[in-house]
Every structure is written in structure tokens, then in C-alpha cells.
Amino acid sequence: MQQVDFTTLTAACAQLQAGWIPGRVEQVYQRDRYTIALCLRTLQGRGWLTLAWHPQAARICLADPPPRIPDTFTFSDQLRHQLNGLALVGIQFIAPWERVLDLQFARRPGDPILWHLYVEIMGKYSNVILTDAKNIIVTAAHQVGPQQSSVRPIQTGQPYEHPPALLGNLPSLSESQERWQERVSLVPGALKRQLLKSYRGLSPALVRSMIQSADLDPEGSTESLGTQDWQRLFQRWQEWLWALEDWGAEVQGTRVVGAGFTDNVLEKTDNLTKPALVREDGVVGAGFTDNVLERSDNLTKPALVREDGVVGAGFTDNVLEKTDNLTKPALIREDGGGFSNIRVTTNDHSEKSPYKLKPGWTEDGYNILGWGVVKSAPTVQVLLHRYYTDQLNRQEFSRLHNQLLQKVNSFLVRSRSKALGFEQRLQQSEQADEYRQQADLLMAYLQDWQPGMNQMTVLDFETNQPLTISLDPEKNAVQNAQALYKRHQKLKRARLAVVPLLQEVQGEVEYLEQVEASLVQIERYTTPEDLQALQEIREELMGQGYLDVRDQRNRDVTEASEPYRYRTPSGFELLIGRNNRQNDQLTFRKAGDYDLWFHTQEIAGSHVLLRLDPGAVADEADLQFAADLAAHYSRGRQSDVVPVVYTEPKHVYKPKGAKPGMAIYKRERILWGRPQQAEHYRTVDISG
């Protein structure tokens, strides 16, 4: 799973700073043990700011509203008590290139800061810490005692200390290509590894996408790069740094001014729609009202150009100098170089900005600079929310699927073994009449018994054939006959007791096979519906007593999942249950008088409902389509053909006391479903 790096964090915070600061805190809600949500109200609207300290998915972004279930976490209760009603007035990094944010809260904008909420996005060391105005820790998502860390304990009542500073060189726009190349190639090795070792603020995902966007191999050796390769890579390096400068100006809370120009800054003024050269007192620099600072395709450093891309008069060689057509001195660096130390500070990330955000999903993660993006995202907030929600859902799906499948298989083995034992006892009970017959014959031939006999051969009255009866030599003939009568009565009583027990355990096996079939059908995560269906199966197994009921706070409660949806060749809707809850819903609640109900014959599988309009008639292709899918979503999905029954829903019944998903039917007709053919339906005709 790709982790949030400094670049992504800067872009996300720049968007939050521009659109959600200031914002009043209306609610605080903890979604789970790693995620807190703050409800912010601004003049533009209402949104939920998510702060997560998950070891693999720590992040800050806007997300969906939380579920309407009670929040019983202590951490959120403490935050709610301190922050409710206050305004979030600022989001800043605590230090350059550190992935630690300071969320500042006050009664209203301009008032003194009352609380600091530090969000540390640092992998497995991520944390969220609340301090007062004096930076004394009031509460923390994860407290760290001296036994856990002697370097940086985090405990209530103690002063908040910044994380230890990272080692490594700081990336800088003022660094020349020669110096940068020298650092990266000093020790020959893989290009990706050398970049990560040489500089701070980089992540493996960022470096990989940066190198690939320069048409280079991340695992290629630095020794194999030519001059043009280094130039392309350095251009991407500069693009990255200039993007950080653009996005991070407001978040960092600082401005970098060109060397030697302490009285001048580049910023956005009220009377300009684009950045222009102005002094700190807001006076526009002479001669620069018609020029904007933007990046042109053929320049490796920003230069003053007009909107049509023509370099401004007198500004050749990317140097801003005093020219004859200017009445006042212009900005020029003391060394005569370019503008690598000048930052444009603007809140406007418009389409015209050369460093606009280009967030999107890549083949193996995401990127916010547009490098390797295969599917765009509308905002960084949407990208982060969807990516990490999807990744965490995949992890939870895999864990829960394995857990449920193991539990169900374990209960199936136990139930089948129990059923086998009952069947053996029934087979033994079938010998009850034989014991009674032997006892009758023994009583009829008492005169032939001799003391000490182990067996006795007599003539069977019915078959007129000799029959050998085993005897206990320590008992007489009457006592042996009485023992045979007792065994007859015992086996007769056992049959009466075992038959209902066998029926019960066979019903249990049938139910567990149905659950197992549902689990096999959703063996891979594709949509959130798959995880919801699994969670419903878990809840069902808890209700049936197969799983222990855990603390409600630790259980994922979601909205009800929806069945699979298909369209038949004639355009009719076909619904297929993902689990027993959905099976019961389809069969006994959604099904109408004109619909058709499908199920594999005596094979565990999903209930399938073909929805028909009044007066409509499904043709042969529609029936075969439904039969194929019913066979596919069953335990017979590996077979070539599977018998499938279909009937009207009014002929389907649920026996009294039956488990979820169990049903009986009558007046059925049979089709042969082709489960392998249904694979094509899955990829082409699915609509939900």
C-alpha cells in the first residue's frame, strides 16, 4: 500500500487551507481505532475532515460522513470536549520537509490559539496528539511510555516534543544540475535507490513515478545514464520542487525571497488576477503590470513571459535585469542567475497555473503530479479517500474472508462427522428385528441348549434354513434370550432418537454448505458491496451461534448490501443473492407474482430472481441465461452442466424454524445450467 508522502501531504493541505480554513468544528466522531473525523462548517458548506493514524494508511483528507452508530471511543470523547464549537484557523507544517501538521484551533479567526492538534503522518509511528496553548499534551491517539521509547515518550501532562529530525540532504531549487547529479551518482547503483539515499522528502512511489516519467528505468544503474537522460530527470526534479513551492507557500507559512532582494517579494495582490512583481508594501513593480510569472515549455527555470508565451522585453537568458524601457531597477540576483529562490505565493490553483494538481490513479498506486496516471481524480481529497478506503477494504475483506471460510469449513467437518456417526447408529438399529428373531428361536429350542455352549444352530421358521446364534456360555438359554430382547428394545429406541438428530445435523450441513457457497462466490474484492456481503455473513453466523458475539464497538456496521444485477438478452432484470440475507430478501420480499425463481437442484447456491413485468413472457434465451448464472453462483460452478429448477415465487416456502437462506419448492421445472458460459455474462452484462 502506497503511503502518504510529503508531496501528497503538501498538496492535500494546500487544498484544505484554501477551502476549509477557517471552519467551525461541529462534531467529532471516531470511526474506528485508527480514524477520527471532524465535522467542519464553513461559509461554502459542511464537510468531514478525516485524520487517520493507521500504520499503513495514515492520512488527512475530506471523506464521507460517518455511520449513524454510537461512538464509544475515549479519544474522540476527549477531543469533542475540547474542540467542539471552536474554529480551525490554521494548518501548518511544524518544520520544512516534516510530515507533521499543526492544526490550530481558536474561538474565532484572529483570536489566540487555544489548542494544537498535531497530526503525525509517519508510517507505523503515526499519531494524533492534542496539546493546549502551552504545548502540554492533553490526550493522544496512541500514548508511548518510557518502556516503549526512551527517545520520545508521548504521555499526557508532558510537553509535546517534535519527532527527531530526519537525516539527509534537503532538496533545493537553488542547487545546480551539476551538484545534484554529482550527489546522486557519487556511488554507482540503482537510480531509484540513489535518489532515496541522497535526499530527504522523497518516497519510493514518488521517485519511481519521477524516473518513469523521464523515460528511465528506476532499477537502472546511474552509470548507464547519458547527458540527455540526466537533463530529463533533472527537469522532472525541478518540476517537482516548483510544484511544492507553489502548493506549499500558504501551508509552510513562509516566503522565500530572491537572494539580495530583502525588500521585494512575489505575491498575489488584490488588483491583479495573476502573480506579479510587487514590493512588501504592495506597490506593483514598475514595468511589470503586463507580465506574469509562468513556466514555458522550453525553459528549465521560470522566467517572466507574457500570456502568449513571449519572453518579456529585456528578460533574455532567464534573468530579470534592468533594461532601457524600465524607469526603476528590476529584480536581479546578486550572482546574475535565474529565479530559483523566488516563490510565487497564491491561493489560486487555477487551470492556468503551470503547477496545477493532476491527481489520479496509476497502475500500482496514485500520483498527484500527473506522472503515470491512468485514471484522473477530481481532487486530491477524493483521491486519498477512495484509494485508502479501497485498500483498507481489501485488507479487511481478505482477513474476514479467510476467517469465515476457516470457521465454516471447521463446522462442516464437525457436522459431517456427526452425521456419519448417526448414520452408522441407524444402520445398527436396522438389526433390531434380527435380535428379536434370534431370541424367539432360542426360546423355541430351549431343549437343545447345553451348559457351556458358545453358539447354537437352529432352523429358521420363515426360511427353513439353519441359523447360528451366538451365546454367552456363562448364561443359560433363557438369560441369553432375555439379553437379545433387551438389545432389540435398545436399538429400537435408538432409531426413534437418532432419526430426528440425523435430520437436524443434515440440515446444519446443508446450511453450512450454503454459507460456504456464498463465501466462494465472493472470493475476491471488487466493490464495497463485496465487503458488506461478507460482514452480513459474519453477523448471520454470530446470530446462529457459530461465532462469538464481539464488542459492538469493534464490529464494522455498514448499510445493507445489494444483490448482483444482470440484464438478460431481452432486457429483463436478473437479481442474484450474495448471501443468505439477500436470498431471503429476494425470495420472500422482493419477488412479485409475475417473476420467476431459480435455484440449483439439491445443490447449495444463490437464489436467483428473474423480474418480469405484468404480461411479459421470458423467452428461452432469458431462461437459459438465468439458469447459467444460477449454476455459476452455486457449489456446482466447476461442472460442465448443473441441473437448475425454476418456478413461480408463490410456490417457494420457508419451513418453520428454518435457518436463513433455506427454502423448499414445488411445481418446479428443470433446465441445465452452464456455469462456465456464465463467466462471459459476469464481465459483459453485469450492471451493478
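Computed over heavy atoms, backbone and side chain alike; hydrogens, waters and symmetry mates excluded.
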If you measure only the distance, is there a donor-acceptor pair under 3.5 Å linking the side chains of [X] and [Y]?
X    : Y    : value
R46  : Q27  : yes
Q391 : Q2   : no
N127 : E120 : no
R236 : S213 : yes
Y511 : Y546 : no
T362 : N367 : no
D619 : S570 : yes
S606 : Q521 : yes
Q582 : S561 : yes
Q624 : D628 : yes
T35  : Q30  : no
S76  : D71  : yes

[X] [atom1]: over 12 foreign heavy atoms closer than 6.0 Å:
X    : atom1 : value
R416 : CZ    : yes
N402 : CG    : yes
R33  : CZ    : no
E504 : CD    : no
D593 : CG    : no

Contact summary for P675 and H632, nearest pair of heavy atoms: O-ND1, 3.5 Å
Under 4.0 Å between a side-chain nitrogen and a carboxylate oxygen: does that hold for [X] and [Y]?
X    : Y    : result
K192 : D217 : no
R667 : E648 : no
D584 : K654 : yes
D595 : K590 : no

Exam field: side chain T389 to backbone R386, donor-acceptor pair closer than 3.5 Å: no
Donor-acceptor under 3.5 Å (R611 side chain, E573 main chain): no
To the nearest 0.5 Å, tell me how far [X] [atom1] sits from [Y] [atom2].
X    : Y    : atom1 : atom2 : result
I576 : L586 : CD1   : CG    : 9.5 Å
N579 : Q585 : CG    : CD    : 10.0 Å
R538 : Q535 : CZ    : CD    : 5.5 Å
I368 : D5   : CD1   : CG    : 7.0 Å

Verdict with supporting geometry, R578 and D530, salt bridge (charged side-chain N to carboxylate O under 4.0 Å, His left out): CA-CA 8 Å; R578 295 172 182 259; D530 295 328; 2.7 Å; yes
With L596, the side-chain contact (heavy atoms from CB on, under 4.5 Å) member among D622, T647, L609, L623: L623
Chi angles and distances behind the salt bridge (charged side-chain N to carboxylate O under 4.0 Å, His left out) call for R581, E540: CA-CA 8 Å; R581 185 199 69 82; E540 177 187 323; over 6 Å; no
Sub-4.5 Å side-chain heavy-atom contact between E516 and N409: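 Heavy-atom side-chain distance check passes, below 4.5 Å.
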Ring centres under 6.0 angstrom apart (W53, F75): yes
Ring centre gap for F572 and F625 strictly below 6.0 Å: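 No, too far apart.
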Pairing residues for E510 by the side-chain contact (heavy atoms from CB on, under 4.5 Å) criterion, not counting sequence neighbours: M662
Listed once per pair and sorted, the ring pair (Phe, Tyr, Trp, His ring centres under 6.0 Å) pairs that draw on residues 581-602, sequence neighbours left out: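 Counting only pairs at least two positions apart or across chains, the ring pair (Phe, Tyr, Trp, His ring centres under 6.0 Å) contacts touching residues 581-602 are W597-H599, W597-H607, W597-Y665, F598-Y646, H599-H607.
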Contacts of type side-chain hydrogen bond (donor to acceptor under 3.5 Å, both in side chains), residue Q514, not counting sequence neighbours: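 None.
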